[in-house]
Q: 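Please read through the structure below; I'll follow up with questions.
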Amino acid sequence: MSDNQSATAQQTPASVRFEDFGLSPDILRALTDQGYVHPTPIQAQAIPIVLQGRDVMGAAQTGTGKTAGFALPIIQLLLAHASNSASPARHPVRALILTPTRELADQVADNVKAYSHYTSLRSTVVFGGMDMAPQTAALRAGVEIVIATPGRLLDHVQQKTLNLSQTQILVMDEADRMLDMGFLPDLQRIINLLPKQRQSLMFSATFSPEIKKLANSFLDKPVTIEVARSNATAENVTQIIYKVAEEAKRQAVAHIVRERGLKQVIVFSNTKIGASRVARELEKQGLKASAIHGDKSQSERMAALEAFKQGEIEILVATDVAARGLDIAELPCVINYDLPYNAEDYVHRIGRTGRAGALGDAISLVTDKDARLLADIEKLIKKQLAPSELAGFVPHAEHGSERRPRREEAPGSERERGERGSSERRPRRDEERTSFSSSASPQGRTAGRSAYGPAPRREKIDPWFLKPYEPSQPAPANAAENRGQLANGTSSGKPQKAKVAALLGGPPKR
DNA sequence: AAAAAAT
């Protein structure tokens, strides 16, 4: 055993220093502040390539320094081409960084701010669930770099507080998630607003073959950067599988936390309801737990994450909102309360632990029904995961109030008073709902015109835009009509992979 | 099947 164990992840010669990349002294000074001297492998590879202006498809585990890998050279590029003598009346955004979750956007923005601290470059973060006004003010004041989630970004474009027509650099962080069906329409709208001549960078821990193809349709002769095996799980993470009955899972989590004396652990649930229930159960058992998921208000989400980082909360029970990119120092363990439906998400989730060379444990609870999911994961990570018994765990029968949690009680019911359903009533979108009546009126929804164009949001789509132009194949008769708008409902029933394959023009798999 | 992302 030696420090060389992590040599595969640290292939950069120790002699390489940030100073060797020709970065501005102002950037180097910020790095010194952060205590950074030597680049990580992904940084050593990405920085020169991004500086050359090339497109990049970067496959790297989280915790490998991805963010600095793109942020540093972007800052450098913007500085190098900064002073156009006379400053223009309006300040166009010059670099755009997109992320799939608000928390990740916030985190990336913090890093960008730190790296550009001594430069003249300004940056701001833009995401939903928060007051528009401060974001609008920051954008109006002028920023060169925007970090954003897609929906709110488009909102600002619509409000004309944001202009993407001069944006030379686009980054998609956690690109595989950005490219999934839920995000694609927004992503395409955003890309349509950008100049065609631009530099595009995509980063993710995993790139499935389908996503790789899709990604390539957005990139121009990209350089592929790969640190460690693609889709590999971190070598310093020990993976453990426990066989547990479905009804005993919550008790099992509590048992594991107690048994191991865990002071920092993320428990992943596949559902928002599940996350809340697990958190509540753990709290009931006297453990310091809190849930984070998309039905919580943004302030609750941020409070939970912050409390967890501060150690006030020991167990963060999360949906996949927390699966990607979040950098939480020294997380020694993650628990999959459920196995994720997508094998790739398993890789992302367990990437929350064992970061930056530290050791970590990834514990997954499986039931009999999970055999298929487990097999998919084993196939992806090319590793066998043998389920074992959870030693010393004796589930006791559950009873009474816990048996049948009722979600939709009338206000003022007895239970409400007894155990303060911890914000778990419904998505609470009522905080600033000033225009409720207008949007609820029958014509309000359909008549309200969206600046995004005619397409309704979050509907089934036929993404014509993803099909590469193939002169050899006769275009479908309605292709011309579909151009310029998203048609509805042609591919609703198909599983996602088949959809993506179809988008790429390949024959449907049978 | 589920989650995320504007209101």
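Both backbone and side-chain heavy atoms feed into the values below; hydrogens, waters and symmetry mates do not. To find a chain, count down the sequence lines: A is the first, B the second, and so on, and within it residues start at 1.
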Q: Measure from CG on A:Leu305 to P on B:dA4 and round the result to the nearest Å.
A: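 After rounding, the gap between these two atoms is 14 Å.
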
Q: To the nearest Å, how far apart are A:Gln135 CD and B:dA5 C1'?
A: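 My rounded result for the distance is 14 Å.
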
Q: Using whole Å, report how far NZ of A:Lys296 lies from P of B:dA3.
A: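 Between P of B:dA3 and NZ of A:Lys296: 14 Å.
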
Q: Does a salt bridge link A:Lys113 with A:Asp110, judged by any charged N lying under 4.0 Å from a carboxylate O?
A: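 No.
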
Q: Quick one: A:Arg301 CZ to B:dA3 P, roughly how many Å, whole number?
A: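 Value for this atom pair: 13 Å.
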
Q: Do you know the tightest heavy-atom contact between A:Ala248 and A:Pro395?
A: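 Closest approach of A:Ala248 to A:Pro395, heavy atoms only: CB-CB, 3.7 Å.
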
Q: Table please: side-chain donor-acceptor pairs of residues 122-130 of chain A below 3.5 Å, with sequence neighbours left out.
A:
unit_1	atom_1	unit_2	atom_2	d
A:Arg122	NE	A:Gly142	O	3.4
A:Arg122	NH1	A:Ala141	O	3.4
A:Arg122	NH1	A:Gly142	O	3.3
A:Arg122	NH2	A:Glu144	OE2	2.8

Q: Just compare B:dA1, B:dT7, B:dA4 and give me whichever is closest to any side-chain atom of A:Arg152.
A: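 The listed nucleotide nearest to A:Arg152's side chain is B:dT7.
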
Q: Using a heavy-atom cut-off of under 4.0 Å over every strand shown, decide if A:Arg324 touches base, sugar-phosphate, or nothing.
A: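 Answer is nothing: A:Arg324 stays at 4.0 Å or more from every strand.
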
Q: Looking only at side-chain atoms of A:His293, point me to the closest of B:dA4, B:dA5, B:dA2.
A: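 Selected nucleotide (nearest to the side chain): B:dA4.
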
Q: Between P on B:dA5 and CG on A:Asp295, what's the gap in Å once rounded to a whole number?
A: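 So the CG-P distance, A:Asp295 to B:dA5, works out to 10 Å.
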
Q: Give the table of side-chain donor-acceptor pairs shorter than 3.5 Å for residues 334-342 of chain A, with sequence neighbours excluded, one pair per line with atom names and distance.
A:
unit_1	atom_1	unit_2	atom_2	d
A:Asn336	OD1	A:Arg349	NH1	3.1
A:Asn336	ND2	A:Ser364	OG	3.0
A:Asp338	OD1	A:Lys249	NZ	3.0
A:Asp338	OD2	A:Asn270	N	2.7
A:Asn342	ND2	A:Asp345	OD2	3.4

Q: When all nucleic acid strands are considered with a 4.0 Å heavy-atom cut-off, which category describes A:Asn270: base, sugar-phosphate, or nothing?
A: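 Here A:Asn270 touches the backbone only, sparing every base.
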
Q: What is the separation between atom CD on A:Gln158 and atom C1' on B:dA5, rounded to the nearest whole Å?
A: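 Value for this atom pair: 15 Å.
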
Q: Do A:Asn111 and A:Asp327 have side chains that approach each other closer than 4.5 Å (heavy atoms only, starting at C-beta)?
A: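 Heavy-atom side-chain distance check fails, nothing below 4.5 Å.
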
Q: When the distance from CG of A:Leu339 to C1' of B:dA3 is rounded to whole Å, what number comes out?
A: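 Taking CG of A:Leu339 and C1' of B:dA3, I get 16 Å after rounding.
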
Q: Can you tell me which nucleotide in B:dA2, B:dA5, B:dA3 comes closest to the side chain of A:Asp180?
A: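 That would be B:dA3.
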
Q: In whole Å, I'd like the distance from the CG atom of A:Leu187 to the C1' atom of B:dA5.
A: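 Spelled out: CG on A:Leu187 to C1' on B:dA5 is 12 Å.
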
Q: To the side chain of A:Lys272, which of B:dA2, B:dA5, B:dA3 is closest?
A: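 So the nucleotide nearest the side chain must be B:dA3.
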
Q: Students often get this wrong, so: under 4.0 angstrom with heavy atoms, is A:Asp345 touching a base, only sugar-phosphate, or nothing?
A: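 Nothing, no nucleic acid heavy atom in range.
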
Q: Just N and O in the side chain of A:Arg102: are any of them under 4.0 Å from OP1 or OP2 of B:dA5?
A: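 For A:Arg102, the contact criterion (side-chain N or O under 4.0 Å from OP1 or OP2 of B:dA5) is met.
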
Q: Would one find a side-chain N or O of A:Thr319 under 4.0 angstrom from OP1 or OP2 of B:dA2?
A: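 The answer is no; no side-chain N or O of A:Thr319 sits under 4.0 Å from OP1 or OP2.
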
